[in-house]
Structure formats: C-alpha cells, structure tokens
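Everything below concerns the one structure shown next.
In what follows, chains carry the letters A, B, and so on, assigned in the order in which the sequence lines appear, proteins first and then strands, with residues in each chain numbered from 1.
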Amino acid sequence: MVALVPDLVGSGGRLCPLRPDGQPAGAVEAAPDLAAAVARREAAERPRWVWAATDETYPRLLERAGVRPARCHDVKLVESLLLGMAGRHGSPRSLGAAWARLHDLPEPADAREGGADDQPVLFAADRQHLPQDADPLTALVAVYADQRRRIAASEHPDRVLLLCAAESAGALAAAEMGRDGLPWSAAVHDGLLTDLLGPRPAGGARPALLNDLALRIQQALGRTVNPDSPAQVLPAFARLGIPLHTTRSHELREVDHPAAALLLRYKELSRIHAAHGWAWREAWVRAGRFRAEYVVGGVVSGRWATRGGGALQIPRLLRGAVVADPGYRLVVADAGQLEPRVLAALSGDPGLAKAASAGDLYAALALDAFAGDRPRAKIALLAAMYGQTSGEAGQLLAVMRRRFPAALALVEAAARTGEAGGTVRSRLGRTSPTPSASRFVDTGGDADGAEGAGDFGSSDQRAARSWGRFTRNFVIQASASDWALAMLAALRRRLTAIGPEPRLVFFQHDEVIVHTPAALAPAVEEAVAAAGDEARRLVFGPTPVPFPLETNVVECYADAK
DNA sequence: AGCCTACGCGCC
DNA sequence: AAAGGGCGCGTAGGCT
C-alpha cells in the first residue's frame, strides 16, 4: 500500500508507504516527477495505490508516463460505498468531506461537476475540498485508515473489501477506456447513415427523407402535425377514430392505419439522425475512436453511467461502425442471462440452480415448469425479478412461487423491505438508498385528500409498491454489478499478463469488448473465461450456478452474436 | 435565453 | 384489484 498525493502545482507529488491497516510504514518520499516515481514503484513492487480520486489523479499519470497500475484504493468511491452502507447516500464523499467527518468539522459541499460559481476549479479539485490548513497526505492517510476500520467493522468485511477493490479497479479501467476509446469507423458509420437517411444534407439540415416522411404522415392524418409532438399526434389519430393512449412504438404497432406505419418509420430514423447521426460523430469521434467518459458508480446499483455521447446506448443498427484496426480483432464477451443466474446463485434455489446449469436457463425453466414454453418462462422470471404482476405475469408468478420457492422468497422479501422503507444490499454489500432521499416518494401530490375519503393512502401505497419493485430489482441488479465489476477487474489483470496490446475498449453492464492483435485473440478469450469464473468464485463462493461468458472474435461489432 | 418536466426511445 | 427494474439523451412545451 502506498498513499499518493500530487502537488498542487507542477508534476511532482508525495508518496507514503502504508501498512495494511493504513498506518504509515515508512518515511514520506517527495517525488519531483510523480508519474515516473509511480512507474518505478509499480514495476518494482506493484503496490496498491491509495489516492483521493482515480478520475482526477490517474488520467494525469496515464498521460505522462503511461503507467497502468495493477491495483488502487479510490477513497472517494469507497467513501461513497461506505456512506451508502451507513444509510447516507447523498452525503458529500470527497476526501475533504471524509476528513471533516473524521474531525467533527462542518462538511464541505462537494463541488458539482463544472460548477458555475468559479472558485479556481482545478485548485479545489486537487485539494479535494480540504480546508486550507489540512495537509492532503495526512488527510488521505487518516481517511484511508478510517475506511479500513469501517470495512473491518462491517458485517462481511471480506465481501466489502472485495467490493471496494473491484470498484477501484473499475475506476482504473474506466480511465483507460476513456483514453483509449472504442474503434469507430467514420466511413462505415457514414455509409450506414446514408443507407438509412439518404445523403448528408449540407449545413446540418434535416435529411430530406425525414421531411418527406413528415409530409406523408400529415397527408395520412389529414392534418398539419409535428410528428415529434405526442400532444399533436394523439388528437390527430383520435379524429380518425383511433384513440391512442400514447404514441409509443409498442402501441402504434397495433394500429392498422398507414399513418401509424409511417410514424414508426419516422421515429426510428429521426432518432438515429438526432442521437447518433453526423453531428454526433463530429462531436464524439476523433481519430477513429469514440471516446466516452465512463462514470464509475454512476448508478446506485453499481452499474456505470457515461457522460456524453450515449456510449451505453449504441444502437444495434450502427454497430457495424465499430471496426477493429487492421490486423486486430474485437473480442466481444457477453454474460448471457446474467440476472436470473444471479438470482439463482443468491437464493440457492435448487430448481433455479438446476435450470441455470443447463446452457439456456429459460429453456430449462420452461421444460421444468412451463410445459416447454420458453417465452412464458422468460416472462415469468422477468416478472419475478422486476415485480410485474399485470397481464399473464400474475398467473406465471404463482407457478414460479410454487416451483422455485427460495428464489421467489428472496425477491419478495426484498420487495417487502423496500415497501416498509428499509434498505437492501447486494451480495458484496452495496446498499440501496433510503426512500426519503428519493424521487419516488412525494410524487403523489394529493396531500389534501384530493383522491377522496374512501381511497386513503393510495398514493402512498403506490409509492411504496414502486419502491418495493426498486429494492426487489436492486438486490439482483446490484449483485450482477458486483459480479461484472469483479469480472472486469480480473480480466484487466489477466489482459496485462498477456501483454500491453490487448485493451479493454468497452464495458456495458454485462458485456465487454477487448481490442487485440488477431494473434492474441485466443489468449484473450481464455482470459475472459477465466475472469468470469474467478468473479463467480469471489462473489458467490461455492455456488453450482455457472456464469458463462459467450465470446465472439470479430472484426466488426455487428458480427457478434 | 436558460431551466425544468414530460414523453419517448436507445441500451442493459 | 392493480401494481414493469436501471440509465442517457433528444425534442416539445411550459416556466422564469
């Protein structure tokens, strides 16, 4: 363990070796060239680097020396996890905030990203909102030691330690992927857009095809409407005797009228144009790479988010534009049926575990309990995990409850906990927020009893049920995220062992893409499989449930699956 | 003009 | 009786 603090100005910094419990284990080293010092130590002893925030410190190290540390402890991310476990999700989590809590000082508000009221932003970021008289290295070491104490005092210290390590490793991978970028062929992208939308109009204008479709929609509806405005489209359909509830594709697909088909086509194409068209490419693709900014811990469940570019929503229609460099391949790895497998492993339900042991969990489930009807089996399982009870789901759920009692007991207990205002945890301890801090409560707006006397509390009940569905899903989604992060960390380590060339270039909940020289693709596939198994062992222990990662070695993302 | 919410749809 | 999880991002349309 080595604590690291960059100097406020210049490219130097200070290092301090630490014992495992966080106490200093040697003299502070002043390093005039911090990146070089990190590279040296990394090569010699591969320490776990302790720093205030990976997303602020690591990009500079990468930029200056190309160091890729094996391990780190990200104080800000760990603080966020530990605060969440203590029921304090919204609290400021910077080093300065943690330091203030440690010393019973008033907490500083963490600066918002790109905050408007211009303090010297870089300066504030470097100091992690520490008071002026606090030494950053002293604070870092103290807060780290305190975090280790809090981890050790938790109910499952081994799991929480793993969670913190995986979250921190994820931050390393996120910074690297943000820098490397996803290979993106502008030429292929352009070809796809032109096939769909026609030639690119000059000056960023809308493609003629879209204007054309809009006109034809208006003709079919007999009215001048903006097809992008549900408020205009709904009455236009109503006038034709077609009462729609919404203008969602799902509903439009049931409508037998030429305007509906045209509108569906318009929606599909206008979305491509607006969200991933030529303008998007000019904003986000440079030098053959789409560089997204990953936000580790951006979702309470532990899933990542991204800032800008919509990296986690690349439309299937455009995946042909993700093309490996010449002589390289994409190893696309996907953990199929991850969430039901997580439910099987978490609950230990023997029937579900047995289904998970077959290659296709849904098919096995269908054979076992749904007369071989795979679609119904899938609906039943999704209903159990999401809390759906409408339509046929209610019936199917009864079958699930009878046949897979342990699995259903787990999700239903999580739902009841949420409905009662409690919190639930993932396998590794990531904790759901409390409903009071949430947008799901206080949305009723019927405080004055506007709903009538006979219906008391219905809005509160709706909110409670809604929160119950959230916590029901949280235990699964967050535990799936535990597994995915552990897998990502293991894969990152194993890729490094193969060599400097194979690079993680994409991570999306249960899927990774590695960009690698073609000759190394088989080794990468092996690393992927091993990483998946390692994650299963670390996160779920001796479960019989397999977590297979399907890998495809392709030149083009569209050819995977 | 900028900010906010509702809606809708892309992904998992 | 009814009750569908998590995001990002674009447009529309109302607000200040």
Neighbour count >12 (heavy atoms, 6.0 Å) for atom CD, A/Glu251: yes
Spacing between A/Leu382 atom CG and C/dG6 atom P, to the nearest angstrom: 15 Å
C/dG4 to B/dC9 separation - C1' atoms, rounded to the nearest Å: 16 Å
Atom-to-atom span, CG of A/Leu234 to P of C/dA12 - whole angstrom: 15 Å
Selection: residues 242-259 of chain A, any non-hydrogen atom under 4.0 Å of DNA chain B: A/Thr246, A/Thr247, A/Arg248, A/Ser249
Contact residues, residues 409-429 of chain A to DNA chain B [heavy atom, < 4.0 Å]: none
Integer-rounded Å distance: B/dG8 P and A/Ile272 CD1: 19 Å
Whether over 12 other heavy atoms sit under 6.0 Å from A/Arg401 CZ: yes
Under 3.5 Å donor-acceptor, A/His189 side chain and A/His276 backbone: yes
Proximity to the side chain of A/Gln508 - top-ranked nucleotide from B/dC11, C/dG6, C/dG8: B/dC11
Residue of the set A/Arg303, A/Lys76, A/Arg430 for which salt bridge (charged side-chain N to carboxylate O under 4.0 Å, His left out) holds with A/Glu167: A/Arg430
Listed nucleotide nearest any side-chain atom of A/Pro230, set C/dC7, B/dG8, C/dA3: B/dG8
Side-chain donor/acceptor contact of A/Arg462 with base of C/dA2 under 3.5 Å: no
Touch class at under 4.0 angstrom, heavy-atom based, for A/Gly394 against every strand present: nothing
Sugar-phosphate only, base, or nothing, as touched by A/Arg316 at under 4.0 Å among non-hydrogen atoms: sugar-phosphate
Spacing between A/Leu317 atom CG and B/dC11 atom P, to the nearest angstrom: 8 Å
Parallel, tilted or perpendicular: ring planes of A/Phe237 versus A/His257, cut at 30 and 60 degrees: perpendicular
End-to-end axis angle, where each axis spans five pairs of the helix from B/dA1-C/dT16 to B/dC12-C/dG5, to 10°: 0°
Close side-chain approach of A/Phe474 and A/Thr431, heavy atoms under 4.5 Å: no
Inter- and intrachain pairs under salt bridge (charged side-chain N to carboxylate O under 4.0 Å, His left out), touching residues 376-388 of chain A, at least two apart: A/Asp373-A/Arg376, A/Arg376-A/Glu392
Nucleic acid contacts - residues 260-271 of chain A versus DNA chain B, non-hydrogen atoms under 4.0 Å: A/Lys267, A/Arg271
Pair A/Asp482 + A/Arg159, salt bridge at N-O below 4.0 Å: no
Under 5.5 Å and under 30°: A/Tyr386 stacked on C/dG5: yes
Minimum side-chain heavy-atom gap A/Gln508-A/Ile314 below 4.5 Å: no
Presence of salt bridge, A/Glu293 and A/Arg307, under 4.0 angstrom: yes
Nearest-angstrom distance from the residue atom CH2 of A/Trp467 to P of C/dG6: 8 Å
Nearest-nucleotide comparison on DNA chain C, the residue closer to the 5′ end among A/Gln232 and A/Gly308: A/Gly308
Side-chain donor or acceptor of A/Ser390 paired with backbone N/O of A/Gln388 under 3.5 Å: no
Note, A/Glu268 side chain near A/Ser249 side chain (heavy atom, < 4.5 Å): no
Length of the CZ-C1' vector between A/Phe474 and C/dG6, whole Å: 11 Å
Side chain to side chain, A/Trp278 and A/Asp190, heavy atoms closer than 4.5 Å: yes
Test item: A/Pro183 and A/Val505 side chains (from C-beta on) under 4.5 Å apart, heavy atoms: yes
Heavy-atom pair of closest approach, residues A/Ala344 and A/Val545: CB-CG2, 3.8 Å
A/Asn226 vs C/dT11: side-chain N/O to OP1/OP2 distance below 4.0 Å: no
Residue whose nearest DNA chain C nucleotide is more 5′ - A/Ser390 or A/Gln477: A/Ser390
Side chains of A/Leu504 and A/Asp180 in contact at under 4.5 Å (non-hydrogen atoms): no
Heavy-atom side-chain proximity of A/Cys556 to A/Leu330 below 4.5 angstrom: no
Touch class at under 4.0 angstrom, heavy-atom based, for A/Ile314 against every strand present: sugar-phosphate
Phosphate OP1/OP2 of C/dG5 contacted by A/Arg469 side-chain N/O (<4.0 Å): yes
Short side-chain to backbone donor-acceptor contact, A/Arg472 and A/Ala384, under 3.5 Å: yes
Selection: residues 335-348 of chain A, any non-hydrogen atom under 4.0 Å of DNA chain B: none
Atom pair distance, as rounded to whole Å: NE2 in A/His509 and C1' in C/dG5: 12 Å
N or O in side chain of A/Ser229 less than 4.0 angstrom from C/dG13 OP1/OP2: yes
Gap between atoms OH and C1', on A/Tyr294 and B/dC11 respectively (whole Å): 12 Å
base_contact_polar (C/dG8 base, A/Gln313 side chain, donor-acceptor, <3.5 Å): yes
